[in-house]
Every structure is written in C-alpha cells, then in structure tokens.
Amino acid sequence: MGGREHGGERAWGGESMGERAWGRQGGLSAPLTGSGRIISCQNFEFGFPLKTSVSFCVMVVGRVVQMAVLACLVSAAAPVKDYVNYLVTAPQSPKLEIGTNFTATCFIQNTSEVTADDLYWKLSKKEIPSEQYTKINDSALSVTITITDETPDWLFCLSQKKSVRLKSGQFYHGIFLKKGYFPKKPENLSCIAVQENRQISPFVRCEWDPKHQRPGVFKTDYTLHLHITVDEKSFNITTQESSAQIDTKVFPNFMTLDIWVEAINDLGKVESEHLTTFSNSLLKTNPPSLIDILSEDNFSSSLLLNWTRPIHETQLDLIYEIRFAAEGSHTWSYVLQEDTRFDIQSFRLQDLRPDTVYITQVRCKNDKGGYWSEWSKNSTKRTPSSKPTSKPDVWYFITQSESGDGEQVQLLCKEPEFPNGKITEYQISIQDFKDKPSNKKVVWETIPITDHNTVNSSAHITALKQIHLTNNTPVIVKVTAVNAKGKSPVSTLVIPIREHARSPVQKLEVYPEKKKLFVKWSAPNSTAVSEYLVQWTSAGEMDWHRVKKNITKISIPGHLEKFVRYNVSVYPLYFVLIGKPEQVEAYLEQGAPLDAPSVKLNGKPGCTESNLIWEKLPQKTQRGFITNYTIFYSDGTKTQSVTVSSDTFSYALKCLARNTRYDVWIQASNIKGSARGPNHSFTTLKYAPGEIEAIVVGVSLGFLFIVFLTMLFCISKRDVIKESFWPQIPNPGASTIGTWSPDYPNKAETSSENCLSGITVLEVDICDAKSVFEEDKACLPLKKDKYMSEEHSSGIGGSSCMSSPRQSVSDSDEGGDVADTTASTVQYSSVVAISGYKGQTPSLPSQQAVFSRSESTQPLLESEENPDILSLEGSRQSRHFPHLSHCEGNSDHGQLDGEAKTSDFCPVGEDSEDRLSADEQSHEWVEAPISSYMPQLGGYRQQ
Amino acid sequence: MAAQETQNPTSGDKSDDDQTARAVSLARLLHQESSLLLKLFKEKESFFEDYTPDGGRIVSLSAASEEPSTEEQVLLLHSGLRQCLGLIHCVILKEEEEWGDLEGDYESMRKNVHQRLGYLLHTTKALMENEETILEATPDHQCTEEVDGSAGVFALKMWTYRVLLELVHWADHAANTLYKLHSEREGKLLN
C-alpha cells in the first residue's frame, strides 16, 4: 500500500470521519468530507491527498451553511501546489503483531499555529485517552497503543485548536495499521516417500502443523527444505499450505537427509525443528504381492506362506508382519514380529485348526524405521482335515408334553467345536439309565447328516432322532461325530424324567444391552452344577450354548434378529444330569408393531352396545411385547377410545347411540409405538329386539289396567255414579195420584225392552199416530234415522233403557227428537207412573216406576232443580196425559193436542209460549176425563 | 500420512558402522541399477545381445602397493567411480546430443545411475575423507572421445555399451570393496 492508498478515502476517515469533524467544530467550520460526491485534492508533499466535499456543505442550513460553503469554496478553490499539511505521522505502514505495543509519533511542521499540546490521537473512530500520549517536544507527540485484534485500523493525529479548525484538513494525518500474527513455528513435521512402480518415487511429501493460516493480514509462506547432507544438495519449495512435496529427481536411498520448514510472513520468520533422518526411513512401499499359501496333508494345523517383496532388495531391507484369521472370524491373530523381522519371503503358520479356511495378509516396511505398507490383499487357504478332536454337543427338547404314557423327546446334536473336517454322520446309542453298561453291548445307530435332518445349518445342528420316554426312567444318550478322518470323542447326555429334574437357576434375567441380548442368572442352591446351558428359540429356530459353572452372565452368541421374540431358557447341568430350566421371553430390540388386529363384532350390534372381538396379533408382527390395545370408535363426529390390557381380546362397547353407524378399529401398542388395524363399521339398532313388543304389551296392559281401574272405580262408586246420572226418582207409587187409573195391568207387559214405550204408546195411541208422525217427519227429516240407528246404541247405561239419554229421547218420542237438534239440551226426567197408568192401582205394587228424561233445551224451572219441587213438576207433567186423552176424543182438541205435544219438543221460545198457553189451559186439563184416555194404549205402534 | 502408520521415522545413525553399511547398500543399489540400465540398453539395442566387447577396461587403476589395504582399495575405488561418473555424464551428453532428451525407461534409469553414482561418490568421500585425505566427488573425465563424429552412431553405441559394462563392473567392485571395509570396521568395533 503506497502513498496513494493512504491518501485515498480511507486515509481521511470517510463519511463518518467527516461528520465527526463537523460535529467537533460546531457551526464554525466546514466538514472535511460529506456523504455525497467527494472532491479530492491531493497534496503529494507528504504523500497524502486532501479530500473535501462541496455537496455536504450544501446540506447545512442558515449561517452554518453560509460558513460551510465559504470554507468549502475556499478550500476547493485553493491551488494544489499551495496546500501544506502541517502534521505528519510516523512510522508509515507499520506491520504490527497482535498483542504488542505500538508507538506512533505526530510531528508539527512548517507552522507555529499549534503545538504538541493541541494535538490528539484517534484510533479509528475512538479518541485515544491522553494518558497514552507522550509529549516529545513542542512539535511532536507520540502515542502508544496495544494491538488487540487483527482488523486493520487507522490511527489519526489531529489538532483540537479552535483557531485552525477552518483548515483542519491541514492538521490531520493518519497511519494505516496492518495487524497480524508472527508466523507460528511449524511443528510435527513428517515426510514420506512412496513406492512408484519398482522404484521409490523421487517426490518426498511432507506435512506439518499448523494446518491453517492464522488470522490477520499477513499470509504465512512455508518453505520446505530438503538437504542431502553428504551430497550437499538442497531442494526447497514454498507454499501457503501445510504440506508440500519436493522433487529430488532421484530418491536418495541410503542417504542422510535434513528436512525442515521455514515459516515467513511480514512480521518475520521461524524455522521448524530439523528432521535429520535416514532417507529410507521415509519410505512406504507397496504391500507384498503374489502371496501363495500351501497346505500339506500331513500338517493339518499349519499353512506355508510365500510372497514376493514389493521392491528390489537393493533398494531397502524389509521386515514383515503377518496376520491371519479363520474365515468368519472378526479378529485377527498376529504373528509375533520377532519371527518376521527379517527380510524373508516365506513363513509357516502353525497351531491352526484343521479343515478351516484362513485368511492371511502380509505387510512390510523398511527394517530401520519407515512406514508400514498397506496390508496385502486377502489370501485364503483351508487347512487339511483331521478327525474331530472334541465331543459333539448333544441336546434335546420335548416335542410332546407330558401325558399319561411319557414324553416324546427330540434329540439334537451340534457339531463338535473342533470338527476338523466335514462331519458326515453321527453315531448314537440310547440306553436306559438303570441298565448297567456291562450288561449290554453298546449298539450304535448311524445317522447320516442330510439336508432333511439339518435343523440349523449355520449352527450345524442336526436332528438325530425322536425317542419316547416311558416307565419314568431316564435314558442315557451317547453320540459321536464322524468325519472322513475318524470319530470324535463320545458325548453323553442323561435325559431325566421331568419330575426328577434337579433345581433350576434363580433370578433369571434377559435384557438387551449394546445390541446384544444378555442372560444373567443366579446359581441354584445345589453346588453340584458342572455347567449351564443357555438355550434360545424363536419361530422355527433353536440354538444353545454351554457355559462354565462359574459364569452366570453371558451375551447370547450368534446373530439375533431385531424385533423377534426369543424364548431364552437356562438349564443347570449336573454333569450328565439336567436340571429344571428357567425361561424368559425377550427381544434384542423392540419395534413398533407392524399391524394391529382386525376387530369385528361378536354377534349383531345392539341398540346401545356392541360386543367386539379380535384375535391375538401374530408374534411376527408384534415386534415387541404388546402393552395394551386401544379400541377407537367413531360415529363420524366424535371419536372415543378405550384402552384394554394386552391379554384382552373382547370388549363390549356401551352407551352407543341408537341407529348410528360406528367405525371401530383397534390399535396395538408396545413400548416402541403403535399400529392401527383396519376399520370395521356397524350400525346400532333403533330398537332392541322385543322392545316394540314390550312397548305394545306395556301400553295395552296399561290401558287395560286403566280400564280395569275405571271399572273398579265405577263399581265401587256405582252408587255415586248412579246418583249422579240417575238421581232418585220419587216413586210415583207413593204419589197421591196413585189413584188415577187403577186399570192398567197389561201395559207393563207389552214391552220389556222399551220401558218408556208406554209413554210413547200413550202419545201415539192417544194422538192420531199417522198425522203426528208425518208432522215430525216434515219437521225433522233425520228423526227417523235416529230412531232406527240409535234404538240399540250402547254405552254406559246402554244396557239400561233407563240410563241412556238417546234411548230416552227415542223412547220419549218427539220430545227426544227435538232435543237432538239442540246443541245443549237439558234432560228432563220424568217418572211415568206406569202403575198409575195401569189404573193407579195400589194393589199392583210390583209395577215399577219408569224414569224418563226429556232433552228439552228449556231451562229447568226452579222447581225442577229443586227436588222438592220435582214432585210438583211431575204432577204437572202427569197432568198432560188427560190432555192427550182429550185429543183422542175431540178432533178440535186434537189440533190443540198437537200443539201441546209440539210444545214439549220445540225450541224454547215456542215452548215458553206454549207453556204460557198451556198454563192458561191447565185448568182444562185437570177437567178432562181420565177414563177416556186409557183404552187408547193398545193402539200404540212401534216407531 | 496421518492416517497411516504412526511410526515416526527414526533418526539416522551417524556411526561409522552405519555409514559403511549404507555405502555397501548404496553400492549394491548402484550395481543393481547399472545392471538394469545395461539390460535396458541391450533390450533397446538388440544386436548387443550376445556381444562381448573387447579392448580391455575403460577405467583402469593401479594401486600404489601390490597388496593395498582395504582403505587404499576404497580410495582407488573412489577414483574409479569418479571416472565412471565422468563417463556416464559424457554418455548422457552425447546421447542427448544425438537423440535429444528422451523420457523412456532407459533414460530414466540412466539418470538414476548417474545420480546414484554421485551419491556413492559422496558417501565414499565421507567415509574416507579425513584431515590427511581430501577427496573429490566431481566427475573425472573430459568427455573427449571421438565417438559421435566420423565413427558414427554405431561407435557411440559401442562406446556407451562399454561404459555401461564398466559401470556394472565398478559398481560391483564398489559393493565388494565397501563390504570388506564395512566388515573390517564392524570387526574393529566388536573387538
């Protein structure tokens, strides 16, 4: 950065600096810079430009504006060659290390307007406290600051004297501070030269720390030096990275090298420690190649390795490392380096297992230091076979539970731990426990191993045979494994009767941990335990593992599946005898159920409840221990749920709405999550079966009950009812008018149905029946129908001619008909003293008094409402009869009679009118001879 | 590198024993490389397959005494190797002059042998140099052979072939002599 850069915008603080300068000078001085376009005036006397802003001045108002414009114009108009900067700062462009102190000095030159006392310092925008100033003399002021961060800053020297504010641009100078860190000493230098084709590559690659550039403006260059000490030949390369490679043209084998790194930046340089090393110590060759393994039949436990060195022996001396592993094993076995630290090209691996495939790898490096090559590619070879050197592992499981005649037991056999060859068959011998071995010659049965009887191919488990345990006698099973080279030692197992099995282990626990399933137990009380057998079964799979008696915790070997339920059993073994097992179910890892049961209805849905049933979720889809089932049911608007335990497989939903469609599903949950089963829909009934019938029966019974109660009431209150509806009629027989007509003995016998017929008959017979009847017809056309239809009407009192008003009307002839046409009728009752008509003969007391009602609308007279008066009224009615009789005998009177008769059944007005006339004529009625009336009774015709 | 083996290179052993052992190894490497160079040359120039040049050695030195000590033999060896270095340097110059700067296996190995011979010279110099004996490791040959002029390219090849044979011989001689020196020095150390 030269003087031009320092004299640019940054040198003068930019906008903010101008604003600050303006603020300090109040309205008396123009700002140095503005926010708008900048006019830049450069004065190369000190290598720094001057910048002023006109546009900023325009922005100022009032007097300030005028002053500012004036100052700007003066400043801008000043010739460049006349511009003098009275302050100079030093040193310029310092390169500062962060964390160090820096002292700058501001000099006053070519002026006496200000002294050092008038100066002050600013670091970027912040004024530096005067405590950090040192006055050197009247024209020089220094400041000391601590470089704290890597951000570049400007350090300004300014004058605060008011008298020079108008030309403050000439009393202003700055220093640009470039900050950074001293280069860090490279450390951990390491170099390598790799093999390239059949030679060592001439490129030596080195790397070192730090891996990254430090912050700050100074980039560090690293120069890697390589010096061949004998040859005095040097190589170097420069980079800003933390690694580099040097081309030595020809790799200097067997030479001593001096290698170091020099880190350098603007603040200085530093060297790493020198790596003085034997050049071959930097080599990394290719791995040995063409590894050939030989197996020899006579040496079933060894393999001979041969390989080719990766580089010519004159290039460097090599040492080797060999490792090997049986196929399927996850751990390598290493040959002791003492045996391979020579420049060899073959080695015999020993103590290997017969008939086992071994994977072998070899690597090499320079004999004195250097880097190990990569491991060679896998080379595999099977060791020769030999006869089995360990017993087969015999076990059993009960295929059929204990019944009356014993148990069915399946014998299993796992390959010997060291089969030393392919086991082709097993030989088995089964004896009763009580048989003495000396009594019988052992009979061996050969069971060849086939796919058919292979239970678990990965665990090499073969189903030997099924035996039936009877007679409560344990059996001794002896098995030997056979391969092409011979037989294994004999394995013996005593299968006990269950009730005789010895005590089991205690506190059995099975739990997953670190992706394995651990089995933990406590020893049984007995101390005779020789070992334990851990057995685990899942759907269709079974395996077991024997552990020593001092072990009570193992992780189940072999591959276990996640989300599969294992049934883990631990058997204590008492040498050849087997103890009772303990059993626990467990998962290696549980997962959310894959599915949930399908729920369905048990029977038909009810009105408000439905019985749901579902089946147990298959173990495969459970993937964990089901903790509960949640039944969801929804009517479309609201979803409800019920949670039931995992051993529940039915549930009755209650309080359902009638005649509503429900969707129901079930959710199976375990500790890892839930799964939802399919929907099942049903609709509840509107009425429960028999509900309608019950309602009908209930209502009917209720109705009947009410009727019955009513009847009971009527019966119990019949006197009251009777009195209300059929009031006591004075016995005409007791009337003083009983003497009217002693001769009327036959009338009572004429009609037993129509008790009032006697009254009508009397009217019809007395009157001209035909004429009267026709008048009635003319007057009331419906009368006949009433007569015809209502004669036999029933109802309360229907059976009693006395109690039926209708009957009374019809029986009372025209009087009743008229009453029918009236909306409100007042029934007049009259008692016709039939006996009286029978001649008013006291000697016929059996003749009953007849109660007759009239339906005339005529209001009751006071005498009628009053029973006391009733007798008088009855006397008045009875006085009509002589009148009717009178009509019979006199046609003139017939007319009158007709009128009188009509007056009984006509509207009130007429009736009243007639009544008046009747009253007027009453005296005539009394005078009519009664004897002339009687003979006309026989002329009555039924209407 | 950090991901690779963590063994740190061991610092070089500066003992005399180590130095002579390295010199032996270096001489053997030179012999192997010069033999390979000769093989590559024969592969390239097939008519030399069964040819045995005559005319004696190019580099011939005589010892000061009839039975020189091993150190004296090494000093003679060093002198012979300096001449060999000059010869191979001259071969490179002439071949590049004749055929340009090629980049085949032969040229690569030629460069290796030249450089390796230089390293061996510096090594023997370091082994034998003391206050009384000042040795040079620079080529001792003026490269004045007239093999690329009137004699033609064939003569150059013939001469190159002889130089390569000389290199193989001196490299083998160096390996043996230095081994002898190493054995003596090792024996002294053991005693």
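Protein chains get the first letters and strands the later ones, always in sequence-line order, with residue 1 at the start of each. Hydrogens, waters and symmetry mates are skipped; everything else that's a heavy atom, side chains included, is used.
- When heavy atoms are compared at a cutoff of 4.5 Å, A:L316 does not approach chain B at all.
- Neither the backbone nor the side chain of A:E313 comes within less than 4.5 Å of any heavy atom of chain B.
- A:F278 and A:F254 have tilted rings, their planes meeting at an angle from 30° to 60° on a 0 to 90° scale.
- The local environment of NZ in B:K44 is crowded, with over 12 non-hydrogen atoms from other residues, nucleotides or ligands closer than 6.0 Å.
- Between B:Y119 and B:L26, the closest side-chain pair of non-hydrogen atoms falls below 4.5 Å.
- Side-chain rings of A:W307 and A:F347 stay apart, their centers remaining 6.0 Å or farther from each other.
- Heavy atoms closer than 4.5 Å to chain A are found in the side chain of B:A126, but not in its backbone.
- Ranking B:Q32, B:H31, B:H114 against chain A, the residue ahead of the rest is B:Q32, based on heavy-atom pairs under 4.5 Å.
- Each of B:K111, B:R116, B:E33 has some count of heavy-atom pairs under 4.5 Å with chain A, and the biggest count is that of B:R116.
- The ring of A:F324 has its center no closer than 6.0 angstrom to the ring center of A:W332.
- Comparing B:Q115, B:R28, B:K125 by heavy-atom pairs within less than 4.5 Å of chain A, the highest count is held by B:Q115.
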